[in-house]
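Contents: one structure, followed by commentary.
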Amino acid sequence: NFITGAYLASFILRSTDSDYVPLIVASGSVDFYPYWESLDGTVSFLTGSSFAVSQQPRTTAVNSPRNLTVNITNMKPEYQVDEKVRMRIFVQDNTAPIVASKLPLESKSMIFTNMYYSIRDTQSNEVIVPFETNKNATLLSTDSQGMYFDLYMSDLVAGRSYRVDLLIKDNDTDHVFKNIGKKFKVDNQQGS
């Protein structure tokens with residue numbers, strides 16, 4: 001069956017595997033070359049560039065709590081019902097060491113691969129868009145500017161005000177941040 005699309009393959013290298021662990025220990029790292037071939041090995045679909053696997057040093061982890069500040073950097077107080085809005089999320093760890101510099105430094109947002117958004121009606125406190133962690137429907141996306149999610153205002157009831165809540169799933173801990181940014185209203189007038 002030939003199906004057009006993007007394909008992804010993942011794999012696990014176990015630290016107890018006797019096939020390659022002695023090589024990693026002896027040399028510090030081992031190069032792997034990915035091949036996607038037919039089951040009989042006669043047809044090559046894709047070959048990739050090599051990647052190195054090295055032994056990770058084992059340390060005793062100190063699970064110190066983070067002090068995170070989360071904000072939406074571009075939220076406006078009102079949107080038109082026909083707008084599609086890209087909400088930009090900024091996350092900072094307030095326990096991170098401060099670097100002294102004579103030149104101005106631009107703070108970069110932390111990136112979380114398991115961060116989700118939720119939308120709540122401010123008048124009724126009803127959750128309109130719940131956190132969807134099973135199918136990743138509300139998972140934040142990432143680009144060169146940081147994390148974001150797109151919100152279609154037509155999915156919300158015009159004339160109502162809403163708040164954004166965020167959830168970070170980090171190290172088996174759920175961090176919920178409520179009322180991020182300002183509340184925003186959806187205007188029932190369409191933009192020009």
Side-chain angles (χ1 to χ4, degrees), residues 6 8-15 28-29 32 34 48-49 51-79 83-122 125 127-153 155-156 161-186:
L8 171 73
S10 56
F11 61 93
I12 296 175
L13 300 175
R14 300 192 189 285
S15 61
S29 68
F32 285 84
S49 56
F51 59 93
V53 174
S54 58
Q55 186 175 16
Q56 295 296 313
R58 297 191 182 251
T59 59
T60 304
V62 177
N63 192 7
S64 59
R66 295 184 188 197
N67 182 4
L68 299 177
T69 299
V70 181
N71 196 12
I72 300 175
T73 61
N74 64 333
M75 183 181 280
K76 297 190 302 189
E78 191 169 295
Y79 295 99
E83 282 188 82
K84 172 188 170 188
V85 179
R86 179 159 286 181
M87 302 279 188
R88 291 275 173 195
I89 309 300
F90 183 87
V91 182
Q92 179 177 324
D93 185 355
N94 296 321
T95 61
I98 298 172
V99 178
S101 172
K102 290 184 178 181
L103 299 174
L105 295 174
E106 180 184 352
S107 293
K108 298 279 187 191
S109 175
M110 297 175 70
I111 303 295
F112 289 91
T113 55
N114 289 315
M115 189 167 183
Y116 303 84
Y117 72 91
S118 173
I119 306 295
R120 219 167 7 91
D121 185 297
T122 56
N125 209 33
V127 174
I128 307 301
V129 179
F131 296 122
E132 176 47 71
T133 59
N134 293 333
K135 296 182 180 178
N136 292 334
T138 61
L139 180 69
L140 267 63
S141 300
T142 307
D143 63 13
S144 61
Q145 297 176 35
M147 297 179 297
Y148 68 90
F149 66 92
D150 290 333
L151 188 59
Y152 292 86
M153 294 301 155
D155 292 342
L156 303 174
S161 295
Y162 300 93
R163 299 300 297 247
V164 175
D165 299 333
L166 295 168
L167 164 68
I168 299 174
K169 297 177 94 44
D170 184 38
N171 295 329
D172 297 326
T173 305
D174 288 356
H175 305 278
V176 177
F177 300 88
K178 293 201 172 249
N179 301 325
I180 303 304
K182 313 169 193 134
K183 67 180 178 179
F184 66 92
K185 182 179 179 182
V186 178

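We use all heavy atoms of the structure for the numbers below, so side chains are in, but hydrogens, waters and symmetry mates are not.
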Q) Which atom names give the shortest non-hydrogen contact between M110 and L68, and what distance separates them? A) SD-CD2, 3.9 Å

(Q) Using only atom types and a distance under 3.5 Å, with no angle test, would you say the side chain of R163 pairs donor to acceptor with the backbone of G181? (A) yes

(Q) Is any side-chain heavy atom of M115 closer than 4.5 Å to one of L166? (A) yes

Q) Hey, are the side chains of Y116 and D165 touching, using non-hydrogen atoms and a 4.5 Å cut-off? A) no

(Q) Within the 3.5 Å criterion, strictly below it, is a donor on N94 or T69 matched to an acceptor on the partner's side chain? (A) yes

Q | Minimum-distance pair of heavy atoms, taken over all atoms of I72 and I180 | A | CG1-CG2, 3.6 Å

**Q.** From E83 atom CD to K76 atom NZ, the distance as rounded to the nearest 0.5 Å
**A.** 5.0 Å

Q. Hey, does L156 have a side-chain heavy atom less than 4.5 Å from the side chain of I119?
A. yes

Q. Is the shortest heavy-atom distance from the side chain of F177 to the side chain of V164 under 4.5 Å?
A. no

Q) Does the side chain of D174 reach to within under 4.5 Å of the side chain of I168, using non-hydrogen atoms? A) no

**Q.** Nearest heavy-atom neighbours spanning V127 and S118
**A.** CG1-OG, 3.6 Å

Q: Determine the interplanar angle of the F149 and Y117 rings, folded into 0 to 90°, and report it as parallel if under 30°, tilted if 30 to 60°, perpendicular if over 60°.
A: parallel

Q. Ignoring hydrogens and geometry, is there a side-chain-to-backbone donor-acceptor pair from S161 to T122 under 3.5 Å?
A. no

Q: State, yes or no, whether a side-chain contact exists between V85 and D150 at a heavy-atom distance under 4.5 Å.
A: no

Q: Scan side-chain atoms only and decide if R86 and N74 contain a donor-acceptor pair under the 3.5 Å cut-off.
A: no

**Q.** Partners meeting salt bridge (Lys or Arg N to Asp or Glu O under 4.0 Å) with R88 (sequence neighbours left out)
**A.** D143

Q. By side chain to side chain donor-acceptor pair (under 3.5 Å), which residues pair with N134, not counting sequence neighbours?
A. none

Q. Is there a donor-acceptor pair under 3.5 Å between the side chain of N71 and the backbone N or O of T73?
A. no

